[in-house]
Amino acid sequence: MEVELTAPNGRKWTQPLGLFINNEFFASSSGQKIVSINPTTEEEICSVFAATADDVDTAVAAARKAFKDPSWKNLSGTERGALLWKLADLIEQHKETLATIETLDNGKPYSAALNEDLADVINVFRYYAGYADKNFGQVIDAGPDKFAYTVKQPVGVCGQIIPWNYPLDMAAWKLGPALCCGNTVVLKLAEQTPLSMLYAAKLIKEAGFPPGVVNVINGHGREAGAALVQHQDVDKIAFTGSTATGKEVMKMAAATMKNVTLETGGKSPLIVFEDADLDLAAKWAHIGIMSNQGQICTATSRLLVHEKIYDHFLARFKTKVQEISVLGDPFEESTFQGPQVTKAQYERVLSYIQSGQEEGATIALGGQPAPQKGKGFFVAPTVFTNVKPHMKIFREEIFGPCVAVVAFSTEEEAVQLANDTTYGLGSAVFTKDLVRAHRVAREIEAGMVWINSSNDSDFRIPFGGVKQSGIGRELGEAALASYCHIKSIHVNMAA
């Protein structure tokens, strides 16, 4: 059920390989496994057991039993908060190992995994630890003959499906509010990146969560994911991933009318007006698209630039990309960009680059594979110009280090271009005119707008989209609404 591993940075650890159910690791019922590949070297790391539909049944049954068991059901919010805080402390103690596993399995730079992702994971758990005994109901004045009040109760067994781009972070975003509210969970990992959260499962047990409260399974989406979504005894599904898969999740969940929250794709615009600080805009435009190898759902992958400053901005932006986007071994301190997560994702990104060329766009920078020492799923950061709104690179989510730069002439045209998409997740506006900034922010059809920055999300602030970018919100107080029922209680005082 485990194997000893050593990473290129010299860190050693014991890696669990099984399905984590009832606080123990098990082999899958069929013995089937998933191979985890290091995207930097294209070599096998190890193989983990992959859940079948029968294994999903076992995990759900464990979660249902735990949900009803006094060891969890009768805990006060304060006691649940203490468990979450203990988990955050343990993650902090193991953060170097967790960041190492994330880098090895995912390909993201170690510095980003440690200083950004793990910091956020810890903050998220501590934030919801604090909320666990502050998720109040209300007393409602209905006149002297009635005493009316509400209580917030947990939804029940929650199936949570996380993506491969931020394995630990996305797990924390879902586990934090779910456990805060008293639910139990079956967490289905992305088959491409299962290792870090399996290690974290050991810390869940060590923190003192009762058996069955959190169950962590590996498996293919078409088998384990589908079984979880359709399961009769799962009360809620929370999914982060592609829009196409999100639609399938909705269809499958409809049969049992599950509570569903979705955080799906994006094609986020970043608008640079003629009065913007161009150095600031170039800095954040680079962060907004090139961070995490461009594998971010909110990536500001469409740069809409006023025609008067288009050439000046483009020059600054290209310089920023060339200076900062250093490709290389993700364990090296100098590396900003590691490999794409899998060969399939690498080939997908390259296919979009080819499509952009075929449709007439100009590659102003990059546009080719960039293997390191002849290995790895590396793609050079790519900047497209002469882009038209009908092109695939303008309309479809690439999920890689590729950005389309388009000129506009008026505020109205900028807003029209920004909203010319089926997505509505993130967006950004750069201008020194704060009146215009707030005006445009209200007009953009997106769940989030950054003014004079991009993608600097915060665990205290709601995260989510509109249109085909999802349903519901994660993070902040808003996330709690997805994991609670509000029960109204009426008392006839005249009885």
Side-chain angles (χ1 to χ4, degrees), residues 265-291 294 296-321 356 359-362 364-365 382-398 402-457 464-469:
K267 193 68 177 175
S268 301
L270 184 151
I271 303 173
V272 185
F273 285 103
E274 67 271 26
D275 66 334
D277 180 327
L278 297 190
D279 289 327
L280 182 71
K283 167 193 168 183
W284 282 104
H286 173 265
I287 292 171
I289 180 56
M290 299 302 174
S291 298
I296 307 175
C297 54
T298 51
T300 38
S301 57
R302 295 183 297 143
L303 305 186
L304 312 179
V305 184
H306 194 278
E307 59 189 9
K308 288 184 179 178
I309 47 93
Y310 180 92
D311 291 336
H312 296 296
F313 170 80
L314 182 61
R316 284 174 169 82
F317 177 67
K318 288 169 59 180
T319 297
K320 195 67 69 174
V321 174
E359 290 192 305
T362 299
L365 190 69
T382 301
V383 179
F384 286 103
T385 56
N386 294 319
V387 177
K388 305 301 180 185
H390 69 271
M391 294 179 180
K392 286 175 64 177
I393 57 171
F394 185 88
R395 309 208 67 79
E396 298 182 15
E397 185 177 39
I398 299 174
C402 302
V403 64
V405 190
V406 177
F408 68 87
S409 58
T410 66
E411 179 181 312
E412 292 73 21
E413 184 185 5
V415 171
Q416 186 275 325
L417 285 167
N419 292 339
D420 184 18
T421 174
T422 58
Y423 297 110
L425 194 52
S427 59
V429 177
F430 282 81
T431 177
K432 294 177 183 176
D433 183 344
L434 289 181
V435 173
R436 175 164 60 185
H438 290 291
R439 180 174 65 240
V440 172
R442 286 179 172 268
E443 291 300 315
I444 294 175
E445 297 166 354
M448 298 168 286
V449 183
W450 290 281
I451 296 175
N452 292 328
S453 69
S454 178
N455 276 276
D456 55 335
S457 299
V466 299
K467 298 196 283 191
Q468 293 187 34
S469 284

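When reading the values below, keep in mind they use all heavy atoms of this one structure, side chains included, and skip hydrogens, waters and symmetry mates. Predicted model only: the values in this text are computed from it and were never measured.
- Under the side chain to side chain contact (heavy atoms under 4.5 Å, CB included) criterion, Arg436 pairs with Phe273, Glu274, Asp275, Glu411, Thr431, Asp433, Arg439, Val440, not counting sequence neighbours.
- Residues satisfying the side chain to side chain contact (heavy atoms under 4.5 Å, CB included) criterion with Glu445, sequence neighbours excluded, are Asn419, Lys467.
- Side chains of Leu270 and Val403 form no contact here, defined as non-hydrogen atoms less than 4.5 Å apart.
- In this structure, the ring pair (Phe, Tyr, Trp, His ring centres under 6.0 Å) partners of Phe313, at least two apart in sequence or on a different chain, are Phe317.
- Ala404 is linked by a side chain to side chain contact (heavy atoms under 4.5 Å, CB included) to Val387, counting only residues two or more places apart in sequence or in another chain.
- Pairs engaging residues 412-423 under the salt bridge (charged side-chain N to carboxylate O under 4.0 Å, His left out) rule: Arg395-Asp420 [sequence neighbours left out].
- Here the side chains of Trp450 and Asn455 are in contact, with some heavy-atom distance below 4.5 Å.
- When side chains are defined from C-beta on, Ser291 counts as touching Ile296, because their heavy atoms get closer than 4.5 Å.
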Between Asn452 and Trp284, does a side chain to side chain contact (heavy atoms under 4.5 Å, CB included) hold up when you go through it step by step?
CA-CA 8 Å; Asn452 292 328; Trp284 282 104; over 6 Å; no

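- A search for salt bridge (charged side-chain N to carboxylate O under 4.0 Å, His left out) contacts involving Asp456 returns nothing, not counting sequence neighbours.
- Of all heavy-atom pairs between Ala299 and Gly294, the closest is CB-O, 4.3 Å.
- Between Arg316 and Asp279, at least one side-chain N (NZ, or NE/NH1/NH2) sits under 4.0 Å from a carboxylate O, which counts as a salt bridge.
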